[in-house]
Amino acid sequence: MKKELPKGYDPAQVEQKWFDVWEQRGDFHADENSSKPHYSIVIPPPNVTGVLHMGHALNNTLQDILCRWKRMTGHEVLWMPGTDHAGIATQNVVEKQLAAEGNDRHALGRDAFVERVWQWREESGGQIINQLKRIGASCDWQRERFTMDEGLSKAVREVFVRLYEDKLIYRDNRLINWCPRCHTALSDLEVEHEDKQGNLWHLRYPVTGTDRYLVVATTRPETMLGDTAVAVNPEDERYQDLIGKTVLLPLVNREIPIIADDYVDMEFGSGAVKITPAHDFNDFEIGKRHSLEFINVLDESGVINENGGAYQGQERSAARKNIVADLQTQGLLEKVADYANAVGECYRCRAVIEPYMSKQWYVAVKPLAAEAIKAVETGVTKILPTQWEKTYYEWMYNIQDWCISRQIWWGHRIPAWFCDDCDEITVALDDASACKHCGSSNVRQETDVLDTWFSSALWPFSTMGWPDQTATLQKFYPTSCLVTGFDILFFWVARMMMMGIKFMDQVPFKEVYIHALVRDAQGQKMSKSKGNVIDPLIIVDEYGADAFRFTLCAFAAMGRDIKLSTERIGGYRNFVNKLWNASRFALMNLEDFDPAQADLSACKLTLADQWILDRFGRTATEVNQGLADYKFNDVASSLYSFTWHEFCDWYVELSKDDLYGEDAAARQRAQTVLYTVLEGLLRLLHPLLPFVTEEIWQTLPGKRPCVSIMQADYPLAGVVTVDAAAVARMDLLMEVIRAIRNVRGELDLPPGKRIRVVLDCKSAASVQAIEAGQAYIKSLARVETLEFGIGIEHPQQASTQVAGDVEVLLPLADLVNVAEEAARLEKEIQKQEKDVEFFRKKLSNEKFVANAPPEVLAKDRGKRTAAEEKLAILRQGLEKIQALK
RNA sequence: GGGCGAAUAGCUCAGCUGGGAGAGCGCCUGCCUUACAAGCAGGAUGUCGGGGGUUCGAGCCCCUCUUCGCCCACCA
């Protein structure tokens, strides 16, 4: 059967086809009963609301490369996929839908709303899963999990109950971060601080019983409705006489004390601070220290409540405006200054966060953090690049208790029941119908749900069936590696560490590889609002998944952000096409070839054969090392230059004479090497370019031991031992060819022009090399007649070039303009003179000679000699040319 | 206020434990040479941010300055 490939590579014809085959055949499935060594990765579960962005594309491409590599190196690989229910984000999506229908969740009721979210998830959630498949993600899709599915929910309850029983989960009434838009508490991490240009209002508070004012500065004048004190520094001489007195809070007419507290910075503003314990984290602490009253003036939507007197019912920003205006009218506004300060925003909806008093559930994380710190300190888990360890420690050492309750409806409802009769709390695995304390059946379940990150923290073991002791856990936990971006180091990685150690007694992963963020070509973070988002799927459509993957890999240098440019992707699209065409060439010349009948070890390998096999072996070694070290860019660059510059540019060209020639044995030998290198190269490239390599590999002649390239063995090193001397001879031949091409190019000899070349060799070894490789020189440098030997007679008029210890002479005859050749030589000589000068200077430095290691010295001396010889030859060449003029 | 990172060819970036500065794209010259014009061959291009220091030798190590970026932090 004749196999042919189309002239240009068309990813669309190939990618979907192979992915379907792989998936349907179960090629990605991990067998927990396998006896092979395990390798496991859990995917950072994308939000069900998510659409594939560059971050996902990079993250999953890197994981896929690792998984495919490990699969080919004999590991049983589990790449666990799934999605996150993304509590607030998902609830917001469905709420928006409801709003568009003129409806809202309160009208619908909790059960109907949750039902509606599930329905949304069935219909349009998880589209990202199919998008991941488009870039080739070889997850075990049969095992796909969801943080809200039954098994994972069971794990969540188990963890909650056990932490509660260990007194690591507790309930407390304090100031929390409240999103007035989402109507829920948030953890500290979920608040993003952004510097905004605002104002600093200086307000005058009249001191009771005097005509003095105390001036206080604030960025949030509306909170003055809840002020219960004014604080000054106890050392502040300006206010000594006022401490203990009171001021009359304007607009509210409440008499509040003037207190002294170290917290107050005398240098800032007026040195007097209004204290609003119910609406500011610092003031909260001061309030506790001084037993102040906590007056909450806002409701859960950020509207002034009944404690706000005349301002009740006003939204916070309107209230601010009105209060400032009213103070001004009363002459109590001293001044308004421009002031930039960090405003906390909700990471989901961008609404400004309110510090708000409420009763919430917390995890006391300090004891868990201690273990998680130890695991990294002792190297049980490695974080790479290592600079991230510092960030991890920094956060872990300063960790605060984690607020885990959310006042939304979509999520894991907290398994706690309040008793109406005895007020005690019952926390249980199974839904409680009676109070554990008094037996009353008057129990109501907590309406709050858990922070979405609570269930993500369990991901490495909950997805494997925990709390049951499954074979999957046995085989694949702890996971080998976690690949993620630094943006969720605290949200996710740190918490998985804590939970994994606590509940599995083992770290969740042995290595954490932190990759960069993908930015646009200008280095800006991609965001919808900036409009600079590049859609990975459009890239895949335009350039193909393989080219896209290769680009991401090539950019993924450790510890650096990635500036993605489409030009670069185009370059790698060309690379894929180059591979495709080299394969076409091979296939055309392998029609009558059967690998089963061929035996590389029986072939008398040519210099070119040995050279390419040597290069292939080195490349394989580099690639394996690079993958082991997560140096993805090095891997990409090794593969790129071997494929294009060594295999295509040199070997394919070198093999043509034998492939096209009359000599059947030579042809068979060339075919064997061509097949061997190409087939091996496809395997070597497969983790990066899964689609195109499978397509070509399947088209190769003969049968291979497995159905897919992804199950084939990964090349770990060279396929044969090569003779280093042969490789060195080939290097010399290549240098000679380059020298001839250089002269031809510089002198503008047309490529069709066949020329005569004389090679004056300085050593027998060189003569031997050229003897063996004269056909290569003739063919690749387009040489008609080639004469060579030691001290061979030089042509009368010739262009001079030097390659190693070989003087390359191109008889000029009428070919060329003498002046041009003189100019070329002069340029060449100048370059050479610099070289010689460099080494002479270096080697005449006594201190260098005295101190440098002998091998460096010997190397440099050799280089000096070679440079001097080359210079001498070039000068002679120039003299002869000038004589002609 | 702490911490981290970056500054190398026109652009985007590599550069391992210090031993003559690299790639891709772009640019210039010549080519449709029977795998590939998404290509082939050849070529040009750098005070490695500034200034000090250590060293026989520094893009790399130390100090300092400048300019960018990011993360964390309750100064009103």
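Each chain gets a letter, A, B and so on, in the order the sequences are listed, and its residues count up from 1.
One atom, CZ of A:Phe486, and another, P of B:C4, lie 15 Å apart when rounded to the nearest Å.
Within the 6.0 Å centre-distance limit, the rings of A:Phe593 and A:Tyr675 are counted as a close aromatic pair. Aromatic ring centres of A:Tyr640 and A:Trp644: separated by under 6.0 Å. Between A:Tyr572 and A:Phe548, a ring centre-to-centre spacing not shorter than 6.0 Å is recorded.
Here the side chain of A:Asp265 is nearest to one of B:G30, B:A76, B:C36, namely B:A76. Relative to the side chain of A:Glu653, the nucleotides B:A35, B:G24, B:G42 differ in distance, and B:A35 lies closest. With B:C56, B:G42, B:A76 as the choices, the nucleotide that has an atom nearest any side-chain atom of A:Phe268 turns out to be B:A76. The side chain of A:Val856 approaches B:G19 more closely than any other nucleotide in the set B:A41, B:G19, B:G5. Out of B:U12, B:C56, B:G39, the shortest distance to the side chain of A:Ala852 is found at B:C56. Comparing B:A76, B:C36, B:A14 by their closest approach to the side chain of A:Asn341 singles out B:A76. Nearest to the side chain of A:Lys831, among B:A76, B:A44, B:A41, sits B:A44. Ranking B:A14, B:U12, B:A35 by closeness to the A:Asp634 side chain, first place goes to B:A14.
Checking the phosphate oxygens (OP1, OP2) of B:A14, no side-chain nitrogen or oxygen of A:Lys631 falls inside 4.0 Å. Regarding contacts with the backbone of B:U33, every side-chain N or O of A:Lys753 stays at 4.0 angstrom or more from both OP1 and OP2. Phosphate contact (OP1/OP2 of B:A35, side-chain N/O of A:Tyr9, threshold under 4.0 Å): absent. Contact check, A:Lys578 against B:C36: no side-chain N or O comes under 4.0 Å of OP1 or OP2. Taking only side-chain nitrogens and oxygens, A:Trp644 comes nearer than 4.0 Å to OP1 or OP2 of B:C40. Distances shorter than 4.0 Å separate some side-chain N or O of A:Asn574 from OP1 or OP2 on B:G39. Using a 4.0 Å cut-off, some side-chain N or O of A:His645 falls inside it from OP1 or OP2 of B:G24. Proximity of A:Asn742 to the phosphate of B:G43: a side-chain N or O atom is located under 4.0 Å from OP1 or OP2. Contact annotation: A:Tyr660 reaches the phosphate of B:A35 (side-chain N/O to OP1 or OP2, under 4.0 Å).
The backbone N or O of A:Arg782 lies less than 3.5 Å from no partner atom in the side chain of A:Arg754, so there is not a single donor-acceptor pair.
B:C13 and B:A6 have their C1' atoms separated by 12 Å, with the value rounded to a whole Å. Here, B:U55 and B:A41 have their P atoms 48 Å apart, quoted to the whole Å.
Near RNA chain B, meaning a heavy atom under 4.0 Å away, there are no residues from residues 224-232 of chain A.
Ring planes of A:Tyr356 and A:His279: tilted class, angle from 30 to 60°. Relative orientation of the A:Tyr347 and A:Phe491 rings is parallel, given thresholds of 30° and 60° on the angle between their planes.
Sorted by first then second residue, the side-chain hydrogen bond (donor to acceptor under 3.5 Å, both in side chains) pairs that include residues 739-751 of chain A, not counting sequence neighbours, are A:Asn742-A:Gln801, A:Glu746-A:Lys827.
Judged by the 6.0 Å distance and 45° axis criteria, A:Arg495 is not positioned over the aromatic ring of A:Phe490.
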Quiz prompt | For RNA chain B, the dot-bracket pattern of Watson-Crick and G-U pairs whose distances stay under 3.5 Å, | for other-strand partners | solution = (((((((..((((.....[..)))).(((((.......))))).....(((((..]....))))))))))))....

